[in-house]
Amino acid sequence: MDANEILDYCLAKKGVTESFPFDNETLVMKVDTKMFLLMGLERQPLAINVKTDPEWSAELREQYPQITGAYHMNKTHWNSVLLEGLKRDLILKLIDQSYDLVFKSLTKKAQHEVNSL
């Protein structure tokens, strides 16, 4: 997958916005006001940071050398994922879980607002 495919996939989800809060190269995807994906647009090979369930994180890190604890983030919950060599289905599943985990952490009011978009 390339950066545009990931961007399009994320933006198709309810309540998602894109921004560059850190610098001009790190794209941040948020649901409501909370980050669920970061992508370094200048980084080659392309990589993303996503939130994952801690148990699944451990499993993923054992199974895939491309998946490691995310730099400058809580490594229990966030993974850096080098996309090269990973199947599209796994990448989409990682994005979906990250979105879902962050969405569930929103207040009920915020969840309702996102769902009504």
Side-chain angles (χ1 to χ4, degrees):
M1 290 187 78
D2 67 23
N4 287 327
E5 290 175 292
I6 291 169
L7 178 62
D8 291 344
Y9 186 77
C10 291
L11 289 173
K13 296 180 172 297
K14 285 188 174 195
V16 172
T17 58
E18 61 179 301
S19 64
F20 290 89
F22 305 118
D23 56 40
N24 293 332
E25 299 171 4
T26 306
L27 176 65
V28 174
M29 305 303 294
K30 294 180 180 180
V31 57
D32 192 44
T33 61
K34 294 191 174 192
M35 296 186 305
F36 74 93
L37 182 139
L38 292 89
M39 179 168 45
L41 298 177
E42 299 298 318
R43 184 168 177 187
Q44 290 300 324
L46 186 61
I48 58 175
N49 284 3
V50 290
K51 192 168 191 170
T52 50
D53 173 79
E55 288 181 26
W56 195 37
S57 288
E59 196 177 303
L60 288 165
R61 291 174 193 173
E62 286 178 22
Q63 192 172 358
Y64 301 98
Q66 300 97 319
I67 300 176
T68 59
Y71 185 66
H72 281 309
M73 300 183 87
N74 182 331
K75 290 166 183 45
T76 302
H77 298 280
W78 286 87
N79 286 308
S80 286
V81 181
L82 288 173
L83 303 184
E84 194 171 85
L86 293 180
K87 293 187 181 199
R88 178 183 176 87
D89 289 348
L90 176 60
I91 296 166
L92 296 179
K93 188 174 179 181
L94 289 164
I95 295 169
D96 289 343
Q97 184 175 96
S98 187
Y99 175 89
D100 291 343
L101 287 170
V102 173
F103 179 82
K104 289 176 187 172
S105 75
L106 299 174
T107 64
K108 295 291 180 198
K109 180 181 177 187
Q111 288 179 14
H112 178 71
E113 289 171 2
V114 167
N115 280 329
S116 64
L117 295 175

K.L.:
For the backbone of Thr76 and the side chain of Asn74, can you confirm whether one donor and one acceptor N or O come within less than 3.5 Å of each other?
P.N.:
yes
K.L.:
With a 4.5 Å cut-off on side-chain heavy-atom distances among I, L, V, M, F, W and Y, is there a chain of contacts connecting Leu82 to Leu38?
P.N.:
no
K.L.:
Would you say Leu27 ends up clustered with Phe22 if hydrophobic residues are merged whenever their side chains have heavy atoms under 4.5 Å apart, either directly or through other cluster members?
P.N.:
no
K.L.:
For Lys93, look at atom NZ and say whether over 12 heavy atoms of other residues, nucleotides or ligands are found less than 6.0 Å away.
P.N.:
no
K.L.:
To the nearest 0.5 angstrom, please state how far the CG atom of Leu94 sits from the CG atom of Asp89.
P.N.:
11.0 Å
K.L.:
Please check if Tyr9 and Val28 belong to a single hydrophobic cluster, counting links between Ile, Leu, Val, Met, Phe, Trp and Tyr side chain heavy atoms closer than 4.5 Å.
P.N.:
no
K.L.:
If we only count heavy atoms from C-beta on, is the Glu59 to Glu55 side-chain gap below 4.5 Å?
P.N.:
no
K.L.:
Whether the side chain of Asn79 engages the backbone of Val81 through a donor-acceptor N/O pair (distance < 3.5 Å, no angle test) should be reported.
P.N.:
no
K.L.:
Could you measure the distance from the NZ atom of Lys13 to the CZ atom of Phe36? Nearest 0.5 Å is fine.
P.N.:
7.0 Å
K.L.:
Could you tell me the separation between the NE2 atom of His112 and the OG1 atom of Thr107, rounded to the nearest 0.5 Å?
P.N.:
11.0 Å
K.L.:
Would a hydrophobic clustering, with Ile, Leu, Val, Met, Phe, Trp and Tyr connected at side-chain separations under 4.5 Å, put Val16 with Leu101?
P.N.:
no
K.L.:
Give me the other members of the hydrophobic cluster that Tyr71 sits in, counting Ile, Leu, Val, Met, Phe, Trp and Tyr linked by side-chain heavy atoms under 4.5 Å, directly or via other members.
P.N.:
none
K.L.:
Of all the heavy-atom pairs spanning Asn4 and Asp2, show the shortest one and how long it is.
P.N.:
N-OD1, 3.1 Å
K.L.:
Quick check on the hydrophobic clustering: are Ile95 and Met73 connected, directly or via other members, by side-chain heavy-atom contacts under 4.5 Å?
P.N.:
no
K.L.:
Has the side chain of Lys30 got a donor or acceptor atom that lies under 3.5 Å from a matching backbone atom of Thr17?
P.N.:
no
K.L.:
Is the shortest heavy-atom distance from the side chain of Asn49 to the side chain of Met35 under 4.5 Å?
P.N.:
no
K.L.:
Within the structure provided, determine whether Leu60 and Leu90 are in side-chain contact (heavy-atom separation under 4.5 Å).
P.N.:
yes
K.L.:
Can you see which heavy atom on Val114 is nearest to which on Lys14, and at what distance?
P.N.:
CG1-O, 3.5 Å
K.L.:
Would you compute the distance between atom CG of Leu83 and atom CZ of Arg88 and round it to the nearest 0.5 angstrom?
P.N.:
11.0 Å
K.L.:
Identify the two heavy atoms, one from Met29 and one from Cys10, that lie closest to each other, and give their separation to 0.1 Å.
P.N.:
CE-CB, 3.5 Å
K.L.:
Quick one: CE on Met1 to CD1 on Ile91, what's the gap to the nearest 0.5 Å?
P.N.:
6.0 Å
K.L.:
Do side-chain atoms of Glu84 reach the backbone of Leu46 as a donor and acceptor pair under 3.5 angstrom?
P.N.:
no
K.L.:
So, Gln97 side chain and Thr52 main chain: donor-acceptor pair closer than 3.5 Å or not?
P.N.:
no
K.L.:
For Tyr99, which of Val31, Val50, Leu37 qualifies under side chain to side chain contact (heavy atoms under 4.5 Å, CB included)?
P.N.:
Val31
K.L.:
Between the side chains of Thr68 and Ser80, is a donor N or O closer than 3.5 angstrom to an acceptor N or O?
P.N.:
no
K.L.:
Without swapping roles, check the side chain of Ser105 against the backbone of Val102 for a donor-acceptor pair under 3.5 Å.
P.N.:
yes
K.L.:
So, taking the atom named CG in Leu7 and the one named CG in Leu41, what distance separates them when rounded to the nearest 0.5 Å?
P.N.:
8.5 Å
K.L.:
Tell me if a side-chain donor or acceptor on Lys51 pairs with a main-chain N or O of Trp78 at a distance below 3.5 Å.
P.N.:
no
K.L.:
Quick check on Asp23: does its CG atom have over 12 non-hydrogen neighbours (other residues, nucleotides or ligands) under 6.0 Å away?
P.N.:
yes
